[in-house]
*Asks:* 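What follows is a structure written as structure tokens; I'll ask about it next.
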Protein chains: 2
Amino acid sequence: MTAPPPPPPAPPGRPMRADARRNYERLVQVATEAFLEHGADASLDDIAKRAGVGPGTLYRHFPVRQDLIDAVLQRWMASVLTEAEPLRVAADPVEALGMWLRRLVAHVQVFRGLSSALIPPEDKFKESSPAWVLHRTSEELLARAQESGEIRSDIDIKELMTLVSGVTWACDRGKEIDADRLIDLIMDGLRVRDRPDRPPVAGA
Amino acid sequence: MTAPPPPPPAPPGRPMRADARRNYERLVQVATEAFLEHGADASLDDIAKRAGVGPGTLYRHFPVRQDLIDAVLQRWMASVLTEAEPLRVAADPVEALGMWLRRLVAHVQVFRGLSSALIPPEDKFKESSPAWVLHRTSEELLARAQESGEIRSDIDIKELMTLVSGVTWACDRGKEIDADRLIDLIMDGLRVRDRPDRPPVAGA
DNA sequence: CGACGATACGGAGATACTCTCCGTTTATCA
DNA sequence: TGATAAACGGAGAGTATCTCCGTATCGTCG
């Protein structure tokens, strides 16, 4: 919606044929609307129809549903990552991490049933996938928060993202749940505790 | 598999006809195997076939998928609740809560994709549902832990169950995630903080 | 410009799943 | 044993996914 979208999959060989490219763009466009309206399990044939192409065309560009979801998220992600930028250098890295997670959840919840995009099946977890980019970004913010000494160091990004995606999933279903509160709770769990039984040589 | 299963839905009027009851039992039996093997989205027609009945019979007993899942869980739940019994009176109610949540997650993970059973759509959340019973049990353990003063009181069972079901869901997908660790993290978040705003300067 | 080869299109249809309708069968009880 | 309510079962409608292949279009080169 904002920036000029990058050439879709950018195959190393020849550029896409004009009609192919046109259809690709149109499909992603229509899919975005469909996912917003009906959630991530919108009918694919229907999307093809609304885009004015045959099902075959859709499945050639996006062999599995996740590919289409990824293409949609690719565009959407730009705005999310923009929000991360100032947080990278924020004065309070712990607060920055919390803020990032809250924003992330809010963004993911724009599409119903899209939480799964955060932790796709292992074999689809390539560098190109939006999930991977989000992991990397979150990882940086986590690392910085950990360096401050206020966040426990025995936690890795995979665990954190698992928790966060769990929150988005659960909030998708049970309405009336305040996702921000759950994120705050997780953040509390992440904080270093002054052990009640151990003489705290804490900090640094 | 252990206790004599209670009469299925126990309609107030007449008892079930013998053949109806037989089919009901058989369906639940076969469904259990199918869910174990293929996860919660196993084919219902296939279950009917394997149980030796027509699809119509299955759908008469279980109009929607969740009804069949609930029936399966009803039996399975007995063993889960048995585990809760000693925890109700455990010396350390906080540890008891943690243990319960860990066991709960472990149990739910026996079936793939069954996390949703923990937070069914609002309108199916009746007293008869396994999810409701689990909520009530968890609620008691949470309350006891809160009374000890070690667990924050500004958390309700709905939020906690949302978090927990999120963990089971996420662990279903991304393999190689240690659910117990995530539960422990949540438990840490639940604990009352002795130092709300100030990093420890020194002892205790 | 015209034609050829590669690329992409599109839609019919195979397959799978859910769920319903209704004629037939079976259990129960008098 | 016969009447009646209860339950069965399977054909089939509706919907979704995904494939195959004859046809159309693009891009390029002579």
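In what follows, chains are A, B, ... by sequence order, proteins preceding strands, each numbered from 1.
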*Asks:* I need the OH-P distance between B/Tyr24 and C/dA27, as an integer number of Å.
*Replies:*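 Atom-to-atom, B/Tyr24 to C/dA27, this comes out as 20 Å.
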*Asks:* C/dA8 C1' sits how many Å from A/Phe62 CZ, rounded?
*Replies:*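 Going from CZ in A/Phe62 over to C1' in C/dA8 covers 14 Å.
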*Asks:* Could you tell me whether the side chain of B/Asp46 has a donor or acceptor atom within less than 3.5 Å of a complementary atom in the base of C/dC17?
*Replies:*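 Such a pair does not exist between side chain and base.
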*Asks:* Mind checking B/Ala42 for me? I need base, sugar-phosphate or nothing, with any heavy atom below 4.0 Å counting as a touch.
*Replies:*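 B/Ala42: backbone/sugar contact only, no base atoms under 4.0 Å.
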*Asks:* When you check the phosphate oxygens OP1 and OP2 of C/dC9, does a side-chain N or O of A/His61 lie under 4.0 Å from one of them?
*Replies:*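 For C/dC9, OP1 or OP2 has a side-chain N or O of A/His61 closer than 4.0 Å.
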*Asks:* Roughly, in whole Å, what's the span from OH in A/Tyr59 to C1' in C/dG13?
*Replies:*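 So the two atoms are 14 Å apart, to the nearest Å.
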*Asks:* Taking CG from B/Leu44 and C1' from C/dT20, how many angstroms apart are they, rounded to a whole number?
*Replies:*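 Those two atoms, CG and C1', are 14 Å apart.
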*Asks:* I'd like to know if B/Glu83 pairs up with B/Arg102 as an ion pair, taking the criterion as any Lys NZ or Arg NE/NH1/NH2 lying under 4.0 Å from an Asp or Glu carboxylate oxygen.
*Replies:*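 Looking at B/Arg102 together with B/Glu83, the answer is no, because their closest N to O distance does not fall below 4.0 Å.
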*Asks:* Using whole Å, report how far CD1 of A/Ile47 lies from C1' of C/dG11.
*Replies:*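 Atom CD1 in A/Ile47 sits about 18 Å away from atom C1' in C/dG11.
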*Asks:* Considering only heavy atoms and no angle criterion, is a donor-acceptor pair shorter than 3.5 Å present between the side chain of B/Arg65 and the base of C/dT18?
*Replies:*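 Answer is no: no donor-acceptor pair is held.
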*Asks:* Within the 3.5 Å criterion, strictly below it, is a donor on A/Asp70 or A/Gln74 matched to an acceptor on the partner's side chain?
*Replies:*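 No, A/Gln74 and A/Asp70 have no side-chain donor paired with an acceptor closer than 3.5 Å.
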*Asks:* Given atom NZ of A/Lys49 and atom C1' of D/dT15, what is their separation to the nearest angstrom?
*Replies:*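 After rounding, the gap between these two atoms is 10 Å.
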*Asks:* When the nearest nucleotide of DNA chain D is assigned to A/Pro55 and to B/Val53 on a heavy-atom basis, which residue is associated with the more 5' position?
*Replies:*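 Per heavy-atom nearest nucleotide, the more 5' residue is B/Val53.
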*Asks:* Pick the closest DNA chain C nucleotide for B/Gly56 and for A/Ala20 by heavy atoms, then say which residue is nearer the 5' end.
*Replies:*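 Per heavy-atom nearest nucleotide, the more 5' residue is A/Ala20.
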*Asks:* So does A/Thr57 get a side-chain nitrogen or oxygen closer than 4.0 Å to the phosphate oxygens (OP1/OP2) of C/dG10?
*Replies:*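 For C/dG10, OP1/OP2 do have a side-chain N/O of A/Thr57 under 4.0 Å.
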*Asks:* For B/Asp41 and D/dT17, what is the distance between atoms CG and C1' respectively, to the nearest whole Å?
*Replies:*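 Distance, rounded to whole Å: 15 Å.
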*Asks:* Please determine if B/Lys49 and B/Asp45 form a salt bridge, counting it only when a charged side-chain N lies under 4.0 Å from a carboxylate O.
*Replies:*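 Not counted as a salt bridge, because no side-chain N and carboxylate O are separated by less than 4.0 Å.
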*Asks:* Tell me: CZ of A/Arg26 to P of C/dG10, nearest whole Å?
*Replies:*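 Going from CZ in A/Arg26 over to P in C/dG10 covers 12 Å.
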*Asks:* For A/Val164, run the side chain to side chain contact (heavy atoms under 4.5 Å, CB included) check against A/Val108, A/Leu134, A/Val105 and tell me which one passes.
*Replies:*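 So, applying the side chain to side chain contact (heavy atoms under 4.5 Å, CB included) to A/Val164 and each of A/Val108, A/Leu134, A/Val105, only A/Val105 qualifies.
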*Asks:* Taking only side-chain N and O atoms of B/Asn23, does any of them lie within less than 4.0 angstrom of OP1 or OP2 on D/dC8?
*Replies:*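 For B/Asn23, the contact criterion (side-chain N or O under 4.0 Å from OP1 or OP2 of D/dC8) is met.
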*Asks:* More than 12 non-hydrogen atoms from neighbouring residues, nucleotides or ligands closer than 6.0 Å to CE on A/Met187, yes or no?
*Replies:*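 Buried by this count: over 12 neighbours within 6.0 Å.
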*Asks:* Choosing from C/dC9, D/dA6, D/dC8, which nucleotide comes nearest the side chain of B/Arg17?
*Replies:*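 Nucleotide nearest to B/Arg17's side chain: D/dA6.
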*Asks:* Give the nucleotide from the list D/dC18, C/dA27, C/dA6 with an atom nearest to the side chain of A/Asp45.
*Replies:*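 So the side chain of A/Asp45 is nearest to D/dC18.
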*Asks:* Think A/Ser43 has a side-chain N or O under 4.0 angstrom from the OP1 or OP2 of D/dT17?
*Replies:*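 True: A/Ser43 side-chain N/O within range (under 4.0 Å) of D/dT17 OP1/OP2.
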*Asks:* When you measure from the side-chain N and O atoms of B/Arg60 to the phosphate of D/dC8, is any distance below 4.0 Å, counting only OP1 and OP2?
*Replies:*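 For D/dC8, OP1/OP2 do have a side-chain N/O of B/Arg60 under 4.0 Å.
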